Amino acid sequence: MVLDNLCRGRAEYLDPVRETSPGRIHFSNVDLSDRDATTAAFAAAAQIGVIDEVWHLAANSDIPAGVMDAGVDLRDTFMTTFSLLECMKAHRVGVLHFASSSAIYGDLGNVPLHEAIGPLLPISNYGAMKLASEALIAAAAESFLKQANLFRFPNVVGAPATHGVILDFINKLKVDADHLDVLGDGTQQKAYLHVSDLVDAMMHIRRAAQLPKIFPINIGPVDDGVTVRFIAHAVTARVRPKADIRFGIGNKGWIGDVPKFYYSVERLRQAGWTPSRNSADAVCHAIDQIATQEGFAAGGSHG
Ligand SMILES: NC(=O)c1ccc[n+]([C@@H]2O[C@H](COP(=O)([O-])OP(=O)(O)OC[C@H]3O[C@@H](n4cnc5c(N)ncnc54)[C@H](O)[C@@H]3O)[C@@H](O)[C@H]2O)c1
């Protein structure tokens with residue numbers, strides 16, 4: 001059963017799964033921040049079969065929107081976690097996989113971000129509500145959860161894309177084919193993981209035996225990432241090779257943007273998983289996929 005209010009996702013994203021597993025996917029349009037609606041959706045899911053585990057991926061994914069209006073992340077990033085935990089408790093569902101984020105760490109500069117570091121002081125409401133969700137999940141593990149995997153994603157890229165720097169650049173180049181205006185000076189440097197590797201890593205951890213009951217784990221590539229400048233050049237080369245790139249000022253794209261972070265993936269390595277693509281490969285592959293999604297044939301023509 002897939003629950004989503006489609007504020008950003010689209011029901012047709014499930015079509016490939018429907019084709020490979022006919023009749024096995026049920027979709028319900030539900031606002032997961034609404035406890036009554038989530039309760040009704042769980043009751044409907046329980047009619048279909050036993051609920052063994054929950055994968056909680058719903059959240060606000062527009063970090064600047066959450067900085068402008070703190071209510072956005074309270075509702076979509078935190079209250080979704082609250083409602084789901086209440087329903088899991090009522091239905092005695094003991095296993096939760098949670099999409100957390102590197103944003104919980106805040107801006108720690110050159111300090112490698114590993115799972116045991118603290119204090120955690122996020123710099124966006126999004127990061128704050130992800131951290132608050134982790135805290136609520138930890139408390140639930142004390143009373144009814146049997147296993148909670150807190151997957152801390154880096155920047156994830158791939159298709160279908162609903163948001164993110166690559167889609168933003170492509171959309172800008174659709175409007176103005178001659179110029180690409182970049183937020184910040186382009187030196188922001190982050191680790192990028194392709195969504196196919198992300199799914200593979202989470203399934204690897206899910207299969208692992210004898211994990212701690214609450215298991216925070218960074219998921220990311222083994223490298224230090226690529227800059228926004230690299231992405232701007234690669235997107236332009238793919239969709240508008242003649243466009244002029246104009247960089248802004250300062251090393252932050254927006255309030256709440258962490259300009260650089262170094263992600264420790266030692267715990268993931270010890271769990272026996274390594275990615276198939278590094279940050280640069282993941283970004284270039286995703287650029288090609290998202291350009292195709294947005295109607296750019298190879299070579300830069302827009303159909
Ligand atoms: N993409 C990244 O780089 C990244 C990085 C760190 C963490 N994450 C986390 O991974 C998860 C998936 O992110 P994504 O990048 O695919 O973003 P996305 O916006 O494409 O997916 C989030 C989904 O949640 C749904 N949603 C939002 N509020 C909801 C609500 N109140 N009720 C029901 N559904 C709701 C949206 O419609 C959307 O389909 C999110 O939890 C996000 O915070 C993503």
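Remember, it's a predicted structure, so these values are computed and weren't measured experimentally. Numbering of ligands and ligand atoms starts at 1, following listing order.
For ligand 1, the atoms sitting less than 4.0 Å from at least one non-hydrogen atom of Ser100 are 6 (C), 7 (C), numbered in the order shown with element in parentheses. Residue contact check: Ser101 has heavy atoms under 4.0 Å from atoms 6 (C), 7 (C) of ligand 1. Of all the atoms in ligand 1, the ones that sit under 4.0 Å from a non-hydrogen atom of Thr162 are 18 (P), 19 (O), 20 (O). Using a 4.0 Å cut-off to heavy atoms of Thr80, the atoms of ligand 1 that qualify are 30 (C), 31 (N). Close approach of ligand 1 to Ser61 (heavy-atom distance below 4.0 Å) involves ligand atoms 17 (O), 18 (P), 19 (O). Of all atoms in ligand 1, numbered sequentially from 1 with element shown, those under 4.0 Å from a heavy atom of Leu6 are 37 (O). Near Lys130, the atoms of ligand 1 lying under 4.0 angstrom from a non-hydrogen atom of the residue are 40 (C), 41 (O), 42 (C), 43 (O). Each of the atoms 30 (C), 31 (N), 32 (N) of ligand 1 lies under 4.0 Å from some heavy atom of Asp31.
When hydrogens are left out, the protein atom nearest atom 2 (C) of ligand 1 is Val156 N, 3.6 Å; that is the closest non-hydrogen contact. Remark: minimum distance from atom 32 (N) of ligand 1 to any protein heavy atom is reached at Leu32 N, 2.9 Å. The protein atom (non-hydrogen) at minimum distance from atom 10 (O) of ligand 1 is Phe153 CE1, 3.3 Å. The single protein non-hydrogen atom nearest to atom 13 (O) of ligand 1 is Leu57 O, 4.5 Å, given as residue, atom name and distance.
When heavy-atom distances to ligand 1 are checked against a 4.0 Å cut-off, Ser102 has no atom that comes that close, whether in backbone or side chain. Under 4.0 angstrom from ligand 1, the non-hydrogen atoms of His163 all belong to its side chain. In Leu3, neither the side chain nor the backbone holds a heavy atom less than 4.0 Å from any atom of ligand 1.
The two residues Glu115 and Ser264 come nearest to each other via the heavy atoms OE2-O, 4.3 Å. Of all non-hydrogen atoms in Gly127 and Pro122, the two that sit nearest each other are C-CB, 3.6 Å. Between Val54 and Phe42, the shortest heavy-atom distance links the atoms CG2-CZ, 4.0 Å. The shortest heavy-atom contact between Tyr13 and Ala161 is OH-O, 4.3 Å. Listed here is the closest heavy atom pair of Ser33 and Thr80: N-CG2, 3.8 Å.
At least one heavy atom of Pro154 lies less than 4.0 angstrom from ligand 1. Residue contacts with ligand 1 do not include Asp34, since none of its heavy atoms lies under 4.0 Å from the ligand. Distances shorter than 4.0 angstrom occur between a heavy atom of Tyr126 and an atom of ligand 1.
Atoms CZ and CG, from Phe153 and Leu193 in turn, are 9.5 Å apart once rounded to the nearest 0.5 Å.
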Evaluation steps, salt bridge (charged side-chain N to carboxylate O under 4.0 Å, His left out), between Glu294 and Lys174: CA-CA 9 Å; Glu294 294 303 305; Lys174 271 187 193 168; 2.6 Å; yes
Audit row: His97, Asn149, side-chain hydrogen bond (donor to acceptor under 3.5 Å, both in side chains) steps and yes/no: CA-CA 5 Å; His97 306 278; Asn149 292 327; 3.2 Å; yes
Test salt bridge (charged side-chain N to carboxylate O under 4.0 Å, His left out) applied to Asp288 and Arg238, step by step: CA-CA 7 Å; Asp288 195 46; Arg238 172 62 174 81; 2.7 Å; yes
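Counting heavy atoms from C-beta outward, Asp73 and Phe78 have side chains that stay 4.5 Å or more apart. In this structure the side chain of Leu96 never reaches within 4.5 angstrom of the side chain of Glu53, judged on heavy atoms.
A salt bridge does not link Asp197 with Arg277: every distance from a Lys NZ or Arg NE/NH1/NH2 to an Asp or Glu carboxylate oxygen is 4.0 Å or more. A salt bridge between Glu86 and Arg35 is present, with a side-chain N of the basic residue lying under 4.0 Å from a carboxylate O of the acidic one.
The distance criterion of under 3.5 Å between nitrogen or oxygen atoms is not met by Asn155 with respect to ligand 1. Checked against a 3.5 angstrom limit, the closest N/O atoms of Asp4 and ligand 1 fall inside it. The N/O atoms of Asn60, backbone and side chain alike, include none that comes under 3.5 Å of an N/O atom in ligand 1.
The aromatic rings of His194 and His285 are tilted relative to each other, their planes meeting at an angle between 30° and 60°.
Protein heavy atoms are absent from the space less than 4.0 angstrom from atom 16 (O) of ligand 1. For atom 21 (O) of ligand 1, the nearest protein heavy atom is 4.0 Å or more away.
At least one donor-acceptor pair under 3.5 Å links the side chain of Gln147 to the backbone N or O of Pro212.
With atom 24 (O) of ligand 1 as the reference point, the heavy atom nearest to it among Ser133, Gly127, Ala58 is part of Ala58. Selection from Leu84, Val2, Val72, Asp76 by nearest heavy atom to atom 28 (N) of ligand 1 gives Asp76. Nearest to atom 34 (N) of ligand 1 by heavy atom, out of Asn5, Thr81, Thr77, is Asn5.
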